[in-house]
Novice: 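Structure below; questions to follow.
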Amino acid sequence: MKRILLIEDGRPFWPRIRDLLRKVNAVVEELGPGETFAERGGTAPDLLIVGDAGRAAGRTGRWRGPLLVLEKGRDPDDVTPRDGAAQQVTASSSVGERTFLALTSRLLGVSERRLFRAVIGVKRARQAHVHMGASREFSLTGLSFTAPAELAVGERIVVSFYVPGAGQRVALEAEVARAFPDPEDGSTCYGARFAGLSPAEEDVLRRFVWAER
């Protein structure tokens, strides 16, 4: 299991960040008041999260590993690499949940995608007929698939599939984002973004993509 080390600085946004971290596929540890990284000993964490890089530097030394710095007042969608290092980024302390989960997954090196070839149901919005298609890949935000129907970009669909190990079939609403040729046989493939998922559906999807079930 991946490990995250959190160094908080008492500002009001930390309770929300802790809530978000409960949904991350990793063990979260915290550096106690006055405790330095060197004093803690043990193995280095897979990701360090701080609220102020300058203030944290005295407690972590010259940290070169994956780092997430949270800044208050920054645009929620603004994620910026630090000093050109892709594994060290600065983001808003009010970052959205999906962005936060995708960001921490990338920094941890946890897969954000899952190859999954299986029969899926594809139903157009406001239509009863279900086309039987085939999935290619799932991510935390969408999927790619083939279907025996000509779908338009922007069209709303409902994708249903059986979740291995969970003993349940789920149906998730999505919007077709693009069409592209299958590199293997030239058939039409589609990419779709999930839309309007409930917290429970997001949890099922996250566990499925991370192969927890």
Side-chain angles (χ1 to χ4, degrees), residues 2 16-17 19-26 74-79 89 91-92 94-213:
K2 300 281 187 174
R16 175 176 175 272
I17 296 301
D19 286 342
L20 292 178
L21 284 171
R22 292 191 182 99
K23 301 182 180 183
V24 176
N25 189 32
R74 178 182 284 256
D75 185 289
D77 297 320
D78 184 12
V79 177
V89 299
S92 169
S94 57
V95 61
E97 180 174 324
R98 284 195 178 186
T99 300
F100 185 83
L101 291 174
L103 181 58
T104 52
S105 295
R106 178 173 66 79
L107 292 172
L108 284 166
V110 175
S111 175
E112 298 175 51
R113 297 181 179 275
R114 178 176 179 178
L115 295 174
F116 185 71
R117 306 243 176 174
V119 174
I120 62 172
V122 180
K123 185 174 78 69
R124 287 181 144 120
R126 297 181 296 280
Q127 291 189 12
H129 180 71
V130 177
H131 300 278
M132 303 312 293
S135 63
R136 295 165 54 87
E137 186 178 73
F138 280 80
S139 75
L140 297 176
T141 57
L143 80 157
S144 58
F145 64 97
T146 58
E150 188 173 336
L151 304 175
V153 173
E155 185 173 356
R156 284 294 181 106
I157 58 175
V158 175
V159 177
S160 57
F161 63 100
Y162 185 80
V163 180
Q168 68 180 112
R169 190 172 184 84
V170 298
L172 305 177
E173 186 174 350
E175 179 180 303
V176 178
R178 66 189 182 106
F180 59 96
D182 187 319
E184 296 177 3
D185 59 17
S187 62
T188 300
C189 296
Y190 296 97
R193 292 185 295 263
F194 294 122
L197 301 186
S198 68
E201 289 172 333
E202 289 182 345
D203 184 61
V204 169
L205 177 63
R206 183 168 51 252
R207 291 178 179 276
F208 169 67
V209 170
W210 284 342
E212 290 185 353
R213 53 171 55 164

Novice: To the nearest 0.5 angstrom, please state how far the CG atom of Leu205 sits from the OG atom of Ser139.
Specialist: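 One gets 7.5 Å once the value is rounded to the nearest 0.5 Å.
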Novice: Give a yes or no on whether Gln127 atom CD has more than 12 heavy-atom contacts from other residues, nucleotides or ligands under 6.0 Å away.
Specialist: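 Yes, enclosed.
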Novice: In Å and rounded to the nearest 0.5 Å, what is the CZ to CG distance from Arg16 to Asp19?
Specialist: 9.0 Å
Novice: I'd like to know whether Val204 forms a side chain to side chain contact (heavy atoms under 4.5 Å, CB included) with Glu201, so could you lay out the CA-CA distance, the side-chain angles of the two residues, the decisive distance to 0.1 Å, and finally the verdict.
Specialist: CA-CA 5 Å; Val204 169; Glu201 289 172 333; 5.7 Å; no
Novice: Examine distances only and state if a side-chain atom of Ser92 and a backbone atom of Arg74 form a donor-acceptor pair shorter than 3.5 Å.
Specialist: yes
Novice: Say whether, by atom type as modelled, one donor and one acceptor occur between the side chain of Tyr190 and the main chain of Leu151 under 3.5 angstrom.
Specialist: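 Yes.
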Novice: Between Val89 and Arg106, is any pair of side-chain heavy atoms under 4.5 Å apart?
Specialist: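 Touching, per the 4.5 Å side-chain cut-off.
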Novice: Identify the heavy atoms of Thr188 and Ala179 that sit nearest to each other, and give their distance.
Specialist: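 So the two residues come closest at CG2-CB, 4.3 Å.
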Novice: What are the two closest non-hydrogen atoms of Leu140 and Ser105, and how far apart are they?
Specialist: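 Looking at all heavy atoms of both residues, the closest pair is CD1-OG, 4.2 Å.
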Novice: Can you tell me how the ring of Phe138 sits relative to the ring of Phe208, calling it parallel under 30°, perpendicular over 60° and tilted otherwise?
Specialist: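 Ring orientation of Phe138 relative to Phe208: perpendicular.
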Novice: Quick one: salt bridge (charged side-chain N to carboxylate O under 4.0 Å, His left out) pairs with a partner in residues 118-147, sequence neighbours left out?
Specialist: Arg113-Glu137, Arg124-Glu155, Arg136-Asp182
Novice: Which pair of heavy atoms, one from Cys189 and one from Thr146, lies closest together, and at what distance?
Specialist: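 That would be SG-CG2, 3.6 Å.
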Novice: Tell me, with the steps shown, if Glu97 and Leu20 meet side chain to side chain contact (heavy atoms under 4.5 Å, CB included).
Specialist: CA-CA 7 Å; Glu97 180 174 324; Leu20 292 178; 3.7 Å; yes
Novice: Give the minimum heavy-atom separation between Phe180 and Gly191, together with the two atoms involved.
Specialist: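 Smallest heavy-atom distance, with atoms named: CE2-N, 3.9 Å.
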Novice: Any side-chain heavy atom of Phe161 within less than 4.5 Å of one from Leu172?
Specialist: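 Contact flag for Phe161/Leu172 side chains = yes.
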Novice: How about Phe100 and Leu21: do any of their side-chain heavy atoms sit closer than 4.5 Å?
Specialist: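 The answer is yes, as the side chains (C-beta and beyond) meet within the 4.5 Å cut-off.
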Novice: Is there a side-chain contact between Ile120 and Leu143 in this structure, where contact means two heavy atoms from C-beta onward sitting under 4.5 Å apart?
Specialist: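 In contact.
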Novice: Give me the atom names and distance for the closest heavy-atom approach of Ala171 to Val158.
Specialist: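 That closest heavy-atom pairing would be CB-CG1, 3.8 Å.
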Novice: Do you know the tightest heavy-atom contact between Ala192 and Phe145?
Specialist: CB-CE2, 4.0 Å
